[in-house]
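All chains are named by letter (A, B, ...) in the order of the sequence lines, taking the proteins before the strands, and each is independently numbered beginning at 1.
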Protein chains: 2
Amino acid sequence: MARNPTMIDVATEAGVALKTVSRYVNGADNINDAMAARIAAAITKLGYRRNLAAASIRPGWTSKTVGLLISDLANPYYSSIARGAESVLTEAGYLLITASSEEDGATHDRLVDSLFERQVDAIIVVPPRSPGRSWSSVREPHPPVVFIDRPAALDGADTIVADNRGGAREAVELLRSTHGDVAFLGDSLSIYTMQERYLGYVDALRARGEQPDPTLANTGAHSEEQAYAAAIALLQTGRAGAIFAANNRATIGALRAFAHEDVRLPLIGFDDFEAATLVRPAVSVVSQDPQAMGRLAAEVVLQRLAREATTPARFEVLPTSLVLRGSELD
Amino acid sequence: MARNPTMIDVATEAGVALKTVSRYVNGADNINDAMAARIAAAITKLGYRRNLAAASIRPGWTSKTVGLLISDLANPYYSSIARGAESVLTEAGYLLITASSEEDGATHDRLVDSLFERQVDAIIVVPPRSPGRSWSSVREPHPPVVFIDRPAALDGADTIVADNRGGAREAVELLRSTHGDVAFLGDSLSIYTMQERYLGYVDALRARGEQPDPTLANTGAHSEEQAYAAAIALLQTGRAGAIFAANNRATIGALRAFAHEDVRLPLIGFDDFEAATLVRPAVSVVSQDPQAMGRLAAEVVLQRLAREATTPARFEVLPTSLVLRGSELD
DNA sequence: GTGAAAGCGCTAACAC
DNA sequence: GTGTTAGCGCTTTCAC
């Protein structure tokens, strides 16, 4: 296997000095036209490809690469975030290294180190559910970190989250104002987004001067199966007049329970999903825009990279939207 | 912003030679225990992080990075491929750079160059629908390339595809043997996978000694809307006894048409989707396993990287499975 | 406008 | 077992 041609080879071939080739490749304008043409020809002839890794070890130069650490790339929510970030970054000449932490702190920490070793210019991070080492223990200086989807336990960090609380509140307000008591069906409150959504649920009730009824809140729906069972139980008590399903699994579990029991309650779910428009009645949801979150995170990264690093941290809460399709009615 | 500590700093701090630190960092075993401890202490104290970019410019060393070029990371099919590849690669100490070509040849070519410049050790590629430069025009040597989802116009290349043809044939055979004429609803046959699925459809009919009826094949369903319209038209002619929907969009279009016309035909779709088990009757599909494809592609990459490069190319066709849920019946 | 020489952070000979 | 030296491919002073 022949060696890759280097700048020296190009310079020799073109009969110019190494530095002139470097200038040419970097788009400098002060180059003699004839030389430029000779260099261009040599590059094509040799099939020269620049070694960006070698360039990036020089002080002031960077890898033009950004890391993205999410829970699971196969999850459409996170892959949409990735896509959003990717589109903004490639536009700016950066490439995206993606990695999945599977919500595990140790895996997460290992991947962070791996990313840093590869000299990424910045990383965008979904803090894992089971936390690893604290961020403050990571030696400065390190590339800028932008948190997404959930805030990290770190002051003054750039953070992009969705308005989980506001979205939930809006949905529950609507359900409560037109129906009886609203049940909360979701996962553990130790999960940040779930807790926010629960707080929104409480907000909506409090705003009407009501207290949440603990027996109407089920936070044990860790799987679709558990959500289904919880929904069945809920239907059988007959105590709820409507259901707020705090994530996709809960929504689908509730739908299955409706089908099984052959009854249904007014329902709004959190997070949109493909099947929502296919079932009858179509499912109303609180919808967030993960791709926009990814794009914004990438923009914050670029801004950090451009500015001299000490602009104040941005904490952005992206609005959600209530998409009404019919399931919120009787 | 202070400079990052280098190996020299660690060596100075630990009072040993640079090379000893290098050995330690690379896990060499011939190091005095006391020195190892001093080095370890210095590393922690300084918060030293190794610069892999600098290491990788040495001959024989690599970036431990693989590129993945797909159509669109936000598409669950491709993000599953990415996840599969990622899981195998991180296991082996590699990181994955993902990029979306959006099916555009020029974008694709630009990203390939970008990846090569960053010295990726290999790339996994979904050839874009609108082709760019030919692969044979890319100067050798270059990192190994593994094609996935569709074959490239390049002889002797490692390739991983699903058994589109066989899966389609199996589905159509089942439909045809229990119902009347089977209609084909899909996208343009200029798309590789679509063509394969159509060939499978034809295979199934030919095997029974029948000729495909051109008026029963619709290959203009480029969008869900078009699939819907085509399905409506199909239902109104009353000529089809069953429908084979050759991708998700076609399947969903058909389902909407059923709902709108309040009739339904036996149906099998190609590719599984979230909503398939939620509608009634649940939708039967030919299912492929994109994550397994991604994993296999990554394994082929690792094998190429390990072997001396001249093992014969692998052309792997992954089986599909027919998942029967009820929609294939009357 | 162009070139020679130095050095980025690291690893591989090759001594000691 | 450990240190010294050279050099990977590139960019950057600083002369010319």
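- DNA chain D is contacted by both B:I31 and B:I57; B:I31 maps to the nucleotide lying nearer its 5′ end (nearest heavy atom per residue).
- As a whole-Å value, the separation of A:R49 CZ from D:dG9 P is 14 Å.
- Between B:T20 and the phosphate of D:dT2, there is no side-chain N or O to OP1/OP2 separation shorter than 4.0 Å.
- In this structure, the side chain of B:D109 engages the main chain of B:R133 through a donor-acceptor pair within 3.5 Å.
- Mapping A:G15 and B:T6 onto DNA chain C by nearest heavy atom places A:G15 at the nucleotide closer to the 5' end.
- Considering only side-chain atoms of A:A55, the nucleotide from D:dC10, D:dG1, D:dG3 that sits closest is D:dC10.
- Straight-line distance from the CD atom of A:E117 to the P atom of C:dT11: 10 Å, rounded to whole Å.
- Comparing B:R58 and B:R23 along DNA chain C, the residue whose closest nucleotide (by nearest heavy atom) sits nearer the 5' end is B:R58.
- Under the 30°/60° scheme for interplanar angles, the aromatic rings of A:W135 and A:H108 are found to stand perpendicular.
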Inset, instruction - Could you please spell out the steps behind the salt bridge (Lys or Arg N to Asp or Glu O under 4.0 Å) verdict for A:D121 and A:K64? - result: CA-CA 6 Å; A:D121 296 341; A:K64 284 286 190 175; over 6 Å; no
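- In this structure, the CE atom of B:M7 is 13 Å from the C1' atom of C:dA12, given to the nearest Å.
- Distances shorter than 4.0 Å separate none of the side-chain N or O atoms of B:S22 from OP1 or OP2 on C:dC10.
- The interatomic distance linking B:W61 (CH2) with C:dC10 (C1') rounds to 9 Å, in whole Å.
- For the pair A:Q119 CD and C:dC8 C1', the computed distance is 11 Å after rounding to whole Å.
- Between A:N51 atom CG and D:dC8 atom P the separation is 12 Å, expressed in whole Å.
- Between the side chain of A:K19 and the base of C:dA4, no donor-acceptor pair of N or O atoms lies under 3.5 Å.
- Across the protein-nucleic acid pair, A:L52 atom CG and D:dC10 atom C1' stand 10 Å apart, rounded to whole Å.
- Regarding B:I8, its CD1 atom lies at a distance of 14 Å from the P atom of D:dG3, rounded to whole Å.
- There is a side-chain donor-acceptor pair under 3.5 Å between B:D149 and B:Y77.
- Using a 4.0 Å heavy-atom criterion, one finds that A:Y24 contacts no nucleic acid atom at all.
- Using modelled atom types, one finds no donor on one side chain facing an acceptor on the other under 3.5 Å when comparing A:N4 with A:Y48.
- Using a 4.0 Å heavy-atom criterion, one finds that A:V25 contacts no nucleic acid atom at all.
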